[in-house]
Amino acid sequence: MVFLKSLLKTSLCNWQICLVSSLTWAFLHGLISPMKVFGTFWNFYIFSHSYIVWYKYSSIKGFSAALIPHMFVNAISLSILFVINAF
């Protein structure tokens, strides 16, 4: 969230902030596994946009708007991995 807060202080538009944020996180996730780049890009674009929209009301709402979908995406991904590894 510190990264997004610093981007909000720039003269970038909201969609540009989301783009920079999602490209950064996609690159970092891609260092671990190149196949994760595209899914990570899309997810973090949505997470960043949610944060920006709700941050106007309060920082807690902004954080929650990004955190809750992020937790669901990770939970679904981990559940699939556990099911695949179980068989």
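Computed from a predicted structure; not experimentally measured.
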Novice: Considering residues, nucleotides and ligands other than Leu78, do more than 12 of their heavy atoms fall under 6.0 Å from its CG?
Specialist: yes
Novice: What pair of heavy atoms forms the shortest contact from Gln16 to Cys13, and how long is it?
Specialist: OE1-N, 2.8 Å
Novice: Hydrophobic clustering (ILVMFWY, side-chain heavy atoms < 4.5 Å, transitive) - are Phe63 and Ile68 grouped together?
Specialist: no
Novice: Please examine the side chains of Ile52 and Cys18, heavy atoms only from C-beta on, and report whether any two atoms are closer than 4.5 Å.
Specialist: yes
Novice: Do Phe27 and Thr40 pass the side-chain contact (heavy atoms from CB on, under 4.5 Å) test, and can you show the C-alpha distance, the side-chain angles, and the key distance before you say yes or no?
Specialist: CA-CA 9 Å; Phe27 172 76; Thr40 303; over 6 Å; no
Novice: Do any N or O atoms from the side chain of Ser33 and from the backbone of Gly30 form a donor-acceptor pair under 3.5 angstrom?
Specialist: no
Novice: Let me check something: do Met35 and Leu31 share a hydrophobic cluster, defined by ILVMFWY side-chain heavy atoms less than 4.5 Å apart, either directly or through other members?
Specialist: no
Novice: Should Trp15 and Tyr45 count as side-chain neighbours, where that means a heavy-atom distance under 4.5 Å?
Specialist: yes
Novice: Could you tell me if the side chain of Tyr51 sits less than 4.5 Å from the side chain of Leu8, heavy atoms only?
Specialist: yes
Novice: Which pair of heavy atoms, one from Ser6 and one from Thr10, lies closest together, and at what distance?
Specialist: O-CG2, 3.7 Å
Novice: Are Tyr55 and Leu19 connected in a single hydrophobic cluster, I mean Ile/Leu/Val/Met/Phe/Trp/Tyr linked by side-chain heavy atoms less than 4.5 Å apart?
Specialist: no
Novice: Whether the side chain of His70 engages the backbone of Ala66 through a donor-acceptor N/O pair (distance < 3.5 Å, no angle test) should be reported.
Specialist: no
Novice: Tell me whether Ser21 contacts the main-chain N or O of Ile17 through its side chain, where contact means a donor paired with an acceptor under 3.5 Å.
Specialist: no
Novice: Counting C-beta onward and ignoring hydrogens, is there a side-chain heavy-atom pair between Ser50 and Ile46 closer than 4.5 Å?
Specialist: yes
Novice: Which is it for His29 and Phe41 under the ring-ring contact (aromatic ring centres under 6.0 Å, His included) test, yes or no, and what are the steps along the way?
Specialist: CA-CA 9 Å; His29 280 75; Phe41 172 79; over 10 Å; no
Novice: Phe44 and Leu7: same hydrophobic cluster, using ILVMFWY side-chain contacts below 4.5 Å?
Specialist: yes
Novice: Would a 4.5 Å heavy-atom cut-off, applied to side chains only, mark Leu28 and Trp25 as touching?
Specialist: yes
Novice: Could you give me the CA-CA distance, side-chain angles and deciding distance for Phe47 and Leu67, then say whether side-chain contact (heavy atoms from CB on, under 4.5 Å) is met?
Specialist: CA-CA 8 Å; Phe47 302 153; Leu67 177 69; over 6 Å; no
Novice: Looking only at heavy atoms, which two atoms of Pro69 and Ser64 are closest? And how far apart?
Specialist: CD-O, 4.0 Å
